[in-house]
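Note sheet for the following structure.
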Amino acid sequence: MDFSRVGKKIQELRQYNHMTQAELADGICTQAQISKIENGSIIPYSNTLFQIAEKLGADMYYFFEEAVSERPDYVQDVFDQLEECRFTQDYKQMEALILYEKDNPLFTPPLYKQYIAWHKGIFLYHLYRKTEEAFEQLLFSISIDPNPSFTERKAEISNSLAVFYNLEERYEDAEALCKEALNKWKQMKKRKNPSIEMKLTYTLAISLTKQKRYKESAQWCEKGIKRCLETRTMYVFGELLYQKGRNLLLMGETEKGLEHWNEALGMFKSTRQHHLVDLMDKDMKQFIKDGVLKEIHYE
């Protein structure tokens with residue numbers, strides 16, 4: 001294990017959080033010990049590392065993965081590519097990346113296996129509709145995590161599961177899972193990626209729309225929109241505008257609904273989400289033509 005990388009990562013996270021060594025050390029150890037940990041001259045005890053991780057809003061196991069991985073830069077690059085595939089819904093490229101790396105020993109640590117299994121489940125479902133295998137991969141990706149606590153990644157995997165439930169018309173299951181994950185999310189002491197909350201909110205709103213609970217869905221969309229503005233997170237801002245507009249149209253509030261759709265369309269164009277631009281364009285043309293909203297299969 002190369003614990004010098006752990007020290008470097010602690011330093012990076014401390015600086016990211018605009019924290020001095022003394023502030024990080026407060027209540028844990030001395031400032032001098034933090035300095036030695038960061039420069040790799042000493043290895044911290046596990047309880048010290050746990051307290052440091054908690055204060056930095058990180059998972060202690062993340063530091064262990066950093067220590068055992070021979071090429072953390074390469075691993076992170078692959079993960080970044082998989083995340084981009086998820087955002088653009090490029091499931092073919094996602095599959096190609098995972099198949100290419102399937103025998104790579106760099107991805108043997110549990111948290112790396114978790115990330116790979118999660119994305120394997122995603123492409124198995126969206127490309128081949130291998131529902132059972134896809135669910136197995138996502139459930140495995142949660143179970144393999146050595147950390148018993150609820151984490152940001154577990155929240156993201158929960159959202160993927162809820163998306164599958166919606167696509168399988170198990171709307172009540174999707175609703176229950178999203179609400180459970182959102183409750184656990186609120187209880188987390190440190191949350192670094194606010195977009196996860198918005199993704200869960202959006203998936204929840206879809207499940208409610210599918211159950212014809214349009215007003216409730218619109219309220220959740222509005223909550224998500226406000227949180228996007230509060231946290232300056234635009235990740236699913238357009239999707240939430242779209243879904244709220246859809247609910248308003250289904251409730252007969254045509255003017256407000258189309259207003260939200262036009263805002264959503266502008267957002268999708270600015271973020272170059274071409275597949276969503278096409279979806280909205282078809283929806284709007286059909287609604288303006290005959291006043292009918294067709295059923296949508298969400299991906």
Side-chain angles (χ1 to χ4, degrees), residues 84-94 122-123 125-129 131 134 159-175 177-178 195 197-229 233-299:
E84 178 65 18
C85 290
R86 207 166 70 243
F87 179 73
T88 59
Q89 298 184 0
D90 189 349
Y91 304 121
K92 276 288 184 185
Q93 179 62 17
M94 183 184 291
I122 291 173
F123 83 69
Y125 186 87
H126 289 293
L127 290 180
Y128 306 110
R129 282 299 189 267
T131 307
N159 183 65
S160 294
L161 274 170
V163 168
F164 289 179
Y165 282 144
N166 275 335
L167 290 167
E168 291 296 307
E169 300 183 2
R170 295 170 58 180
Y171 307 127
E172 291 181 358
D173 289 334
E175 177 190 354
L177 182 55
C178 286
S195 71
E197 177 188 356
M198 268 56 89
K199 283 186 272 189
L200 283 163
T201 301
Y202 173 57
T203 305
L204 171 58
I206 290 173
S207 72
L208 294 170
T209 300
K210 290 291 190 177
Q211 295 177 69
K212 302 184 187 300
R213 291 154 63 185
Y214 306 131
K215 185 176 180 180
E216 190 177 348
S217 177
Q219 289 170 342
W220 275 101
C221 288
E222 185 57 29
K223 285 181 184 179
I225 290 166
K226 287 181 179 177
R227 287 292 292 147
C228 282
L229 295 172
T233 301
M234 298 294 109
Y235 193 83
V236 291
F237 187 63
E239 287 88 337
L240 288 163
L241 285 168
Y242 169 82
Q243 194 64 26
K244 184 178 179 183
R246 186 172 181 80
N247 285 306
L248 290 169
L249 291 170
L250 288 165
M251 289 189 290
E253 299 184 40
T254 304
E255 187 176 345
K256 288 183 179 179
L258 289 175
E259 182 182 324
H260 279 76
W261 269 17
N262 278 310
E263 289 182 43
L265 185 59
M267 179 62 63
F268 294 149
K269 286 179 177 177
S270 67
T271 54
R272 298 181 181 179
Q273 292 174 269
H274 303 299
H275 58 292
L276 294 177
V277 171
D278 292 341
L279 173 69
M280 282 217 64
D281 187 53
K282 291 176 183 177
D283 262 12
M284 291 183 77
K285 283 179 179 177
Q286 180 165 344
F287 182 79
I288 292 169
K289 178 183 176 182
D290 54 26
V292 174
L293 279 175
K294 65 181 176 67
E295 185 71 12
I296 289 180
H297 296 286
Y298 297 90
E299 292 291 337

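Note that the coordinates shown come from a computational prediction; the quantities given were computed from them, not determined experimentally.
Annotation: the span from Glu175 atom CD to Leu208 atom CG amounts to 5.0 Å, rounded to 0.5 Å. Within the model, atoms CG of Asn159 and OH of Tyr165 stand 12.5 Å from one another, a figure rounded to the nearest 0.5 Å. Separating the CD atom in Glu168 from the OH atom in Tyr125 is a distance of 3.5 Å, to the nearest 0.5 Å. A distance of 6.0 Å separates NE2 in His126 from CG in Leu167, rounded to the nearest 0.5 Å. Atoms CD and CD, from Glu84 and Gln93 in turn, are 10.5 Å apart once rounded to the nearest 0.5 Å. Thr233 contributes atom OG1, which lies 10.5 Å from atom NZ of Lys199 (distance to the nearest 0.5 angstrom).
Under the rule for a salt bridge (charged side-chain N to carboxylate O under 4.0 Å, His left out), the partners of Lys285 that lie at least two apart in sequence or sit in another chain are Asp281. Partners of Tyr235 by ring-ring contact (aromatic ring centres under 6.0 Å, His included), not counting sequence neighbours, listed by chain and number: Phe87. Residues satisfying the ring-ring contact (aromatic ring centres under 6.0 Å, His included) test with Tyr214, not counting sequence neighbours, are none. Residues meeting the side chain to side chain donor-acceptor pair (under 3.5 Å) test with Ser207, sequence neighbours left out: none.
Listed by first and then second residue, the salt bridge (charged side-chain N to carboxylate O under 4.0 Å, His left out) pairs that reach into residues 214-226 are Lys179-Glu216, Arg213-Glu216, Glu222-Lys244, sequence neighbours excluded.
For the pair Leu240 and Cys228, the tightest heavy-atom approach, listed with the atom from each and the gap, is CD1-SG, 3.9 Å. For Cys221 against Asn247, the heavy-atom pair with the smallest separation is SG-ND2, 4.2 Å.
Put simply, the side chain of Gln89 does not reach to within 4.5 Å of the side chain of Arg86, judged on heavy atoms. Taking the side chain as every heavy atom from C-beta outward, Arg272 and His274 approach each other to under 4.5 Å. At least one side-chain heavy atom of Tyr91 sits under 4.5 Å from a side-chain heavy atom of Ile122.
The aromatic rings of Phe123 and Tyr128 sit perpendicular to each other, their planes meeting at more than 60°, with 30° as the lower class boundary.
Glu172 CD: 12 or fewer foreign heavy atoms inside a 6.0 Å radius.
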Could you tabulate the donor-acceptor pairs under 3.5 Å formed by side-chain atoms of residues 248-266, not counting sequence neighbours?
{"residue": "His260", "atom": "ND1", "partner": "Lys256", "partner atom": "O", "Å": "3.0"}
{"residue": "Trp261", "atom": "NE1", "partner": "Tyr242", "partner atom": "O", "Å": "3.0"}
{"residue": "Asn262", "atom": "ND2", "partner": "Leu258", "partner atom": "O", "Å": "3.1"}

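Gln243 pairs with exactly one of Thr209, Thr201, Thr203 by the side chain to side chain donor-acceptor pair (under 3.5 Å) rule, that one being Thr209.
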